[in-house]
*Asks:* 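This is the structure I have questions about; it appears just below.
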Amino acid sequence: MSGTVTIFFETPQGLREVGAKIGASVMETAVMNNVSGIEAECGGACICATCHVYTDKVPQELLQPMSSEEDDMLDMATAERRSTSRLSCQLRVTAELENTVFIIPESQF
Amino acid sequence: MSAPIVIIGASHGGVQLAASLRQLGCEDKIILYSAEDVLPYHRPPLSKAFLSGEKDLDQILLRGPAFYEDHGIDLRLSDPVTSIDLTTRRLAARSGVQNFSRLILATGSKARELKAPGSDLQNIFTLRSLGDVLRLKQAMLDARDIVIIGGGFIGLEFASTAAKLGKNVTVIEARERLLMRALPASVGDFLRDYHAGHNVQFHFNANFAEFEGADGKLHAIRLADGTRIKADMALVGIGGEADLALLAPLGLNMIAGGIEVDEFGRTSIEDVYALGDVAASANMLVNEPMRLESVQNAVDQAKAVAAHMLGQDAPAPVVPWFWTDQYDLKVQMAGLSRPGAVQTIRGDVEGNAFSVLETMDGRLVALFSINRAADHMAARRLIAEGAPLDMNLAADASVPLMKAVAKP
């Protein structure tokens, strides 16, 4: 883990710019930076579906492929599942994510 | 201005309570006491990703460093509470005396100790806190032969981490199979076989007798039947008990090994609440008080306490759920195993992806899944709804479990 990049979270309250450690997950980045709307109750074990984000504004080839487990969990997320839905605990921050925007749904419960 | 709300214990439950109080609009001063010297953290990764070094402390914090100040939560680290006086509504902590308007006990649980000959030797550990992991990690890395006393969740998670490092791991279990109270036999036996496939040895019906060593160093453990098992490190994982150290003089009603609370977390004394591992209450599935040692229970009780303290509607009751990760297995539990329930297997046991359903009168009461997250999530809904299942559909893993509800 070395270096940071800037990523953004678009929340119902507005846009948040944060420094993200390369190698951390997008969920961990949101929690560390006190971004509201990412609950992450299970701490990144991919079992609570409370770190749901929409990745409409992220080039999809920059994101790790979805496991079948994540796919299953997303079906049960509270906010509407869209084609760009991901669990942010399963997304690693890489240098290429500089200046990308993750959209946080209205509710995680 | 009224005295502050004081929460003792800053783990999953205490931190959630402080967060929920603010989220629901509480404007009182909130003080959160922690005996530990680090920001509150997720406990489940301690025996897994944190122990293995995959994640560092920054990655397992419950909330970011700025959270507490931003939300007006006075988090007091390294500040153990040493006594409480409910008559004057004051407590003493390392930092001094503090008054309170309402007190919430979220002190959690501690590892049960194994008092046996030789237990003062080096390299014998328990695993509950970050400090425990920091103490035992080097010993684990240096060890060749590791004995785990107790085949519970923490012991098995530790076994999987140590086995992956190539250690010789032996698990000593007093009963005839793993996790008899928490898991159906089929799931317990599956886990045993999976561990055995990773060269973990088991001794069942094994009564521990003593630790053996010389010059303060552990060399072996001995069972009551004389069996001697080489060990240069031992982990004791024989369960947890509510941390009641402070509470004996308070006169709270105790039950089932914990503080008796109702569905709002109220104890027998006004303005004193308890939640998480230290509290015992009935839940939506079992109408008798029990302690549930789980993240979910602590978090959901905290939400209920927050709502009650602020006079708001209680959140809907939540089906208890729990998980454990071992090797590449994701083991998830929804509901509570009950004697007399009918068990049905769904999925592919040989392929390491199956669920065991427990039903009573055709309704799901518990589901135990291995690598079938969708079944787990569906079960949480189906158990809460109490919908009758079409068992032919429910046993067919190609049909989504949500679609197995019987047509009226």
Side-chain angles (χ1 to χ4, degrees), chain A residues 1-2 4 9 11-13 16-52 66-78 81 85 87-93 106-109, chain B residues 12 16 19 22-23 39 41-46 48-50 54-71 294-296 298-300 303 315-316 318 321-325 328 330-334 353 369 371-381 400-402:
Chain A
M1 254 214 258
S2 64
T4 58
F9 290 97
T11 75
Q13 292 80 42
R16 276 283 311 275
E17 173 181 340
V18 303
K21 261 198 213 174
I22 291 171
S25 71
V26 173
M27 176 279 283
E28 287 158 2
T29 304
V31 170
M32 276 302 281
N33 290 284
N34 201 5
V35 174
S36 61
I38 295 286
E39 295 288 335
E41 186 170 324
C42 76
C46 194
I47 84 150
C48 70
T50 62
C51 65
H52 183 188
M66 188 184 296
S67 66
S68 61
E69 195 172 53
E70 181 185 345
D71 194 359
D72 286 346
M73 295 305 293
L74 275 167
D75 280 341
M76 296 290 167
T78 300
R81 180 170 183 176
S85 286
L87 293 181
S88 58
C89 69
Q90 302 300 303
L91 301 175
R92 294 274 135 211
V93 175
E106 299 254 343
S107 173
Q108 300 283 2
F109 292 110
Chain B
H12 294 271
Q16 182 64 51
R22 285 291 179 251
Q23 201 180 354
L39 287 171
Y41 53 85
H42 284 275
R43 284 180 194 264
L46 290 179
K48 307 181 273 269
F50 184 75
E54 240 169 275
K55 288 193 177 185
D56 59 24
L57 179 58
D58 276 2
Q59 292 175 282
I60 64 168
L61 295 179
L62 284 174
R63 308 277 175 165
F67 173 83
Y68 303 93
E69 205 183 326
D70 286 0
H71 289 79
S294 75
V295 170
Q296 170 274 321
V299 166
D300 286 316
K303 291 175 184 171
V318 175
W321 58 269
F322 187 74
W323 82 95
T324 171
D325 294 330
D328 53 350
K330 186 161 289 293
V331 185
Q332 295 167 289
M333 291 143 264
S369 56
N371 292 341
R372 287 191 65 95
D375 286 358
H376 171 78
M377 292 304 276
R380 280 157 59 178
R381 293 192 184 175
L401 192 55
M402 283 307 284

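Not measured: the values here are computed from a predicted model.
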*Asks:* Among A:Leu74, A:Asn34, A:Asp72, A:Asn33, which residue has the highest count of heavy-atom pairs closer than 4.5 Å to chain B?
*Replies:* A:Asn34

*Asks:* What part of B:Asp325 is in contact with chain A, defined as an atom under 4.5 angstrom from a non-hydrogen atom: side chain, backbone, both or neither?
*Replies:* side chain

*Asks:* To the nearest 0.5 angstrom, please state how far the CD atom of A:Glu70 sits from the CD1 atom of A:Ile47.
*Replies:* 14.5 Å

*Asks:* At their closest point, which heavy atom of A:Leu87 faces which heavy atom of A:Ala49, and how far apart are they?
*Replies:* CD2-CA, 3.9 Å

*Asks:* Count the heavy-atom pairs under 4.5 Å between each of B:Trp321, B:Phe67, B:Trp323, B:Tyr41 and chain A, then report the option with the highest count.
*Replies:* B:Trp323

*Asks:* Taking every non-hydrogen pair under 4.5 Å, which of B:Lys330, B:Arg63, B:Gln296 racks up the most with chain A?
*Replies:* B:Lys330

*Asks:* Measure distances from B:Ala19 to the heavy atoms of chain A and classify the residue's part below 4.5 Å as side chain, backbone, both or neither.
*Replies:* neither

*Asks:* Examine whether an atom of B:Lys55 lies under 4.5 Å from a heavy atom of chain A, and if so say whether it belongs to the side chain, the backbone or both; otherwise answer neither.
*Replies:* side chain

*Asks:* Quick check for you: among B:Ala49, B:Pro65, B:Ala66, B:Ala374, which has the greatest number of heavy-atom pairs under 4.5 Å with chain A?
*Replies:* B:Ala374

*Asks:* With sequence neighbours excluded, what pairs up with A:Arg81 under the side chain to side chain donor-acceptor pair (under 3.5 Å) test?
*Replies:* A:Asp71, A:Asp75

*Asks:* Run the side chain to side chain donor-acceptor pair (under 3.5 Å) test against A:Glu69 and tell me which residues pass, sequence neighbours left out.
*Replies:* none

*Asks:* To the nearest 0.5 Å, what is the distance between CE (B:Met333) and CZ (B:Phe322)?
*Replies:* 5.5 Å

*Asks:* With chain B, which of A:Cys48, A:Ser25, A:Gly43 has the greatest number of heavy-atom pairs at distances under 4.5 Å?
*Replies:* A:Gly43

*Asks:* Would you check if there is a donor-acceptor pair between the side chains of A:Gln13 and A:Ser36 at a distance under 3.5 Å?
*Replies:* yes

*Asks:* Once rounded to the nearest 0.5 Å, what's the spacing between atom CG of B:Leu401 and atom CE of B:Met377?
*Replies:* 12.5 Å

*Asks:* Counting only heavy atoms closer than 4.5 Å, note whether A:Ala30 contacts chain B via side chain, backbone, both or neither.
*Replies:* neither

*Asks:* Name the region of B:Ile60, side chain, backbone, both or neither, that has any atom closer than 4.5 Å to a heavy atom of chain A.
*Replies:* neither

*Asks:* Establish, from distance only, whether the side-chain atoms of B:Arg380 and B:His376 form a donor-acceptor pair under 3.5 Å.
*Replies:* yes

*Asks:* Given a strict heavy-atom distance threshold of 4.5 Å, which part of B:Pro45 is in contact with chain A: side chain, backbone, both, or neither?
*Replies:* neither

*Asks:* Select one option (side chain, backbone, both, neither) describing which atoms of B:Leu39 are under 4.5 Å from chain A's heavy atoms.
*Replies:* neither

